[in-house]
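Structure record follows, encoded as structure tokens.
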Protein chains: 2
Amino acid sequence: MSTRRATINDVAREAGVSPSTASVVFSGKTPTSEATRARVLAAAESLGYTGPDPRAASLRRGRSGIVGVVFDQHLGTAFLDPVTTHMMDGLADGVSRLGAALLLLRDDGVTVSEPSLHTAPIDAAVLIGCSPRMRDSLEIVRGRGIPVVVVEGDAGDGIPRVLLDNADAQRAAARHLADLGHDDVVIVTLPVDTGRRRGWLAADAVIGVDVTADRLRGAREVFPDAPALAAATSSIDEGAIAGRTIFAERRPTAVLAQSDLLAAGVIRAAEEAGLRVPQDVSVTGFDGVVVDGLAPHVLTTLVQPATAKGRAAGEAVAAMLEETVPSGLDLECTFRAGTTTGPPRST
Amino acid sequence: MSTRRATINDVAREAGVSPSTASVVFSGKTPTSEATRARVLAAAESLGYTGPDPRAASLRRGRSGIVGVVFDQHLGTAFLDPVTTHMMDGLADGVSRLGAALLLLRDDGVTVSEPSLHTAPIDAAVLIGCSPRMRDSLEIVRGRGIPVVVVEGDAGDGIPRVLLDNADAQRAAARHLADLGHDDVVIVTLPVDTGRRRGWLAADAVIGVDVTADRLRGAREVFPDAPALAAATSSIDEGAIAGRTIFAERRPTAVLAQSDLLAAGVIRAAEEAGLRVPQDVSVTGFDGVVVDGLAPHVLTTLVQPATAKGRAAGEAVAAMLEETVPSGLDLECTFRAGTTTGPPRST
DNA sequence: TTGTACGCGTTATCAA
DNA sequence: TTGATAACGCGTACAA
């Protein structure tokens, strides 16, 4: 009874074959005679050998079978958003053709914990929600020569990215409001930077988060002068905070929120303020997720293909690993009219 | 311009030092003179060397810095439950002292994709929700000699597991109902097996999922003859399905659901059936998660420390890796009285 | 503080 | 169908 775990060498010796033959028996890469195969398996069994050491195999192969998923926020926070969980689901699906598993990584810029982006044994990486800080993550990964796909963010120079038609979609919602007759509209935006500061956006504000910028641009194409209030994150509570701020100061006929969760919060704030939706104020969201607790309202929103987004990212990663050019990265949102928008109240 | 990436050897040669010195510069395990250090770093820079190859390092070290988290269901499904996401959050926290990252693994018994439990380069594993199928996963992992911690499941012989006082807690809720005067109670359970079949449970039904069995046991200690209806998963929709089944057949004065999501669904079904909560029927949940959309109700439930559960699992894993005996694995739920329970209607 | 030498466990390649 | 050989890239005793 040795203290050390058996290796494939031990098994080979025990079975009376060469290590390479034993290896082949486990990998199945080359046909082997039934007899040797049986002998090797028996030897493994008797030695308690349970298969090749993944670390050694991945060193030799140059592949670990692991795809890193990089978040720029606390996991708990990220997973609170249904869009993220659906995307993870699709991502798991998308990389499965690669036979890869997902490694959860967080890049908050300060943590030095290992394995970080610098040291994780990943074959590829998917960056979620490219905030400015993500650029650093990107540099690290690219420096390591690892294929990267960015979801919803600008990565610059030729890095594949999965994109929604954010501006177009948001413009559609804005137009919907305009068609109904609205012209006093306030926009509630997703975070504008890593600092996640709340507050009214100056006209010349620099927006570091692309999703936010794109959706804002789409809305402003229809309502060039609409004031915009930034939320600290995408959640019902944040939406409610934003809503309270808005209704304390003004009475717009419509609020255009950049996410369903924010919209739900705005609706809550509106009702707190004694406003009826949509009679007194119309509200639109973005994402098309199921927001529990919104009943009986059905949110007017843009439905984004969250699962498909993840799957597209996964497949893009798979393609890059196979040295192919990824495709199918541009996805479209669908406008869905609900019960939270209607004609503006007559003044 | 070579086609191959630079190794630490190349860097050492370029810097005019030995490979071991270069290695030490990167790991910081041994003091080095400022001069050599600078030289090595410069050499690395000029060769585009971004640090030790994680695969080689982990082979050498015998550690990968990765902890596997094994689910027995689709990731999307698992993450739909707030309890799971909170637990993941805690888990990420708990293993962080180890400096480890989390690898998402799924064991559905059929997938042959790699890396599976057999081949993933993990230092330890956390099994979530030990259904019968999980026993197989367990065998695989143990066979590989990898430390395992089980969350909410019976792993048998000396495998550390993070446990809630499910039976006790559920008994407290049942007693609460009994004290109010209820005696016509129906129980809605979590899945009873991997097949996730719905339906009334026979008195002698074998329950393969421990959480389900424990909570049921606690309830039956107070209401020995209460009929139990199994749901296919823990969700509001499943709760509603169960609720509809119940109210179509009978009019219990109280329904004891094994999760908050199920309870929310039951409440929805009750209201559909024209029953008021709690006047016509009381409902209790389990978990203490925030269920959006339940307002104005506040669920009477057992609050479980979901984040703490994850953290405990993470710390247990860390302990095992350090050859210590894990502790702090038993966690308690807290009874929280809400507005969904009251005295039974007079018959 | 630096260098030498070797092993970690596997698998690709090629020849037999 | 099997076997010999040579990396894969690194970390670390141990000696200098």
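Here is how names work: the chains are called A, B, and so on, in the same order as the sequence lines, proteins then strands, and each is numbered from 1. Because the structure is predicted, anything quoted here is derived from the model rather than measured.
Computed from coordinates, the Arg37(B) CZ to dT2(C) P distance equals 12 Å when rounded to whole Å. Going from atom CG of Asp10(A) over to atom C1' of dT10(C) covers 13 Å, rounded to whole Å. Rounded to an integer number of Å, the gap from CG of Leu59(A) to C1' of dC10(D) is 8 Å. Taking atom CZ of Arg63(A) as the reference point, atom P of dG9(D) lies 14 Å away to the nearest angstrom. The separation between Asn9(A) atom CG and dA4(D) atom C1' is 12 Å, rounded to whole Å. One atom, CZ of Phe26(B), and another, P of dT12(D), lie 15 Å apart when rounded to the nearest Å. For the pair Ile8(B) CD1 and dT12(D) C1', the computed distance is 12 Å after rounding to whole Å.
At least one side-chain heavy atom of Val40(B) sits less than 4.5 Å from a side-chain heavy atom of Phe26(B).
Here Thr21(A) does not reach the OP1 or OP2 of dT2(D): none of its side-chain N or O atoms lies under 4.0 Å away. OP1 or OP2 of dT2(D) sits under 4.0 Å from a side-chain N or O of Ser33(A). Side-chain nitrogen and oxygen atoms of Ser18(B) include none within less than 4.0 Å of the OP1 or OP2 phosphate oxygen of dT2(C).
With dG11(D), dG9(D), dT2(D) as the candidates, the nucleotide lying closest to the side chain of Asp53(B) is dG9(D). Comparing dG9(D), dG3(C), dT10(C) by their nearest atom to the side chain of Ala57(A) picks out dT10(C). Of the candidates dG11(D), dT2(D), dA12(C), the closest approach to any side-chain atom of Arg61(B) belongs to dG11(D).
Ion pairing of Arg60(A) with Asp53(A) is absent here, as no side-chain N (NZ or NE/NH1/NH2) approaches a carboxylate O to less than 4.0 Å.
Residue side chain Arg60(A) reaches the base of dA7(D) through a donor-acceptor N/O pair under 3.5 Å, judged by distance alone. Remark: the Ser20(A) side chain and the dA4(D) base include a donor-acceptor N/O pair separated by less than 3.5 Å.
Asp10(A) places a side-chain N or O within donor-acceptor distance of the main-chain N or O of Thr7(A), the cut-off being under 3.5 Å. Using a distance-only test at 3.5 Å, with no hydrogens or angles considered, a donor-acceptor pair links the side chain of Asp123(B) to the main chain of Ser64(B).
A residue-by-residue look at Thr36(B) and Ala56(B) shows that Thr36(B) has its nearest nucleotide of DNA chain C further toward the 5' end.
Val17(B) comes within contact range of the sugar-phosphate backbone alone, with a heavy-atom separation under 4.0 Å but no base atom that close.
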Task: CA sep, side-chain torsions, deciding dist, call: Leu329(A), Arg161(A), side-chain contact (heavy atoms from CB on, under 4.5 Å) - done: CA-CA 7 Å; Leu329(A) 299 176; Arg161(A) 42 186 180 148; over 6 Å; no
